[in-house]
Amino acid sequence: LMLTKEAKTVLYHMYKEYLVRRDNKVSRAQAKDFGSAESIRALLFPDWSLDDIEDVLRELDRNGFVNNLYADDTVYHCSISDSAVVKMENQKRDALLSVADFISKFIP
């Protein structure tokens, strides 16, 4: 199972956002919900092009890390998958401290 560095970066930031939401007492279902590709771009990656965000979300979907719904040729709705949360929970805590460490160690 191989992911590009961009995909690992997006997954990392989505998971970190999921943890923040859970710490703020947001329900599991709501915490996993990230909405459209455009809203993910606005929230987490304002410097990225929408095309790149959509491409990475498709990659994560193909590999089971997110669940996407598609409409009008875009990711209309995205949520982080249970299996992604499990994989992330099983990472060493220190691997989650920095994006660089995470990218090098998670799903080598």
- Message: What's the separation between atom CZ in Arg28 and atom CZ in Arg22, rounded to the nearest 0.5 Å?
- Response: 6.5 Å
- Determine, using the 4.5 Å side-chain heavy-atom cutoff (strictly less than), whether Leu44 and Ile53 are members of one ILVMFWY cluster. yes
- Message: Using a strict threshold of under 4.0 Å (side-chain N to carboxylate O), is an ion pair present between Arg41 and Glu38?
- Response: yes
- Task: Group every Ile, Leu, Val, Met, Phe, Trp and Tyr by side-chain heavy-atom contacts under 4.5 Å, then state whether Tyr70 and Tyr76 land in the same group.
- Result: no
- Query: Any side-chain heavy-atom pair from Phe65 and Lys87 closer than 4.5 angstrom?
  - Reply: yes
- Task: Specify the closest pair of heavy atoms between Arg21 and Ala31, including all atoms of both residues, with the distance to one decimal.
- Result: NH1-O, 3.1 Å
- Which residues satisfy the salt bridge (Lys or Arg N to Asp or Glu O under 4.0 Å) test with Arg58, sequence neighbours excluded? none
- Query: How long is the gap from OG on Ser79 to CG on Leu69, to the nearest 0.5 Å?
  - Reply: 7.5 Å
- Between CE on residue Met14 and CZ on residue Phe45, distance to nearest 0.5 Å: 8.5 Å
- Query: Below 4.5 Å, heavy atoms only, C-beta onward: do Glu6 and Asp52 meet side chain to side chain?
  - Reply: no
- Between CG on residue Leu60 and CD1 on residue Ile80, distance to nearest 0.5 Å: 8.5 Å
- Distance col, row His13:NE2 vs Lys8:NZ, nearest 0.5 angstrom, shows 14.0 Å
- Query: Taking all non-hydrogen atoms of both residues, which atom of Leu11 and which atom of Ala84 are closest, and how far apart?
  - Reply: CD1-CB, 4.2 Å
- Message: Taking the side chain as everything from C-beta on, heavy atoms only, tell me whether Lys32 gets closer than 4.5 Å to Tyr15.
- Response: no
- Item | Greater than 12 external heavy atoms within 6.0 Å of Asn24's CG | yes
- Task: Using a 4.5 Å cut-off on heavy atoms from C-beta on, say whether the side chain of Ser81 contacts that of Val66.
- Result: no
- Item | Nearest-0.5 Å distance that lies between atom CD in Glu54 and atom OG in Ser36 | 9.0 Å
- Message: If we ignore hydrogens and angles and just use 3.5 Å, is the side chain of Asp55 paired with the main-chain N or O of Leu57 as donor and acceptor?
- Response: no
- Item | Common cluster, Ile40/Leu19, ILVMFWY with side-chain heavy-atom separation under 4.5 Å | yes
- Item | Cluster check Leu43, Val26: I/L/V/M/F/W/Y, side chain < 4.5 angstrom | no
- Item | Heavy-atom pair of closest approach, residues Tyr18 and Phe34 | N-CZ, 4.2 Å
- Message: I'd like to know if the side chain of Asn67 pairs up with that of His77 as donor and acceptor (distance under 3.5 Å, no hydrogens or angles considered).
- Response: no
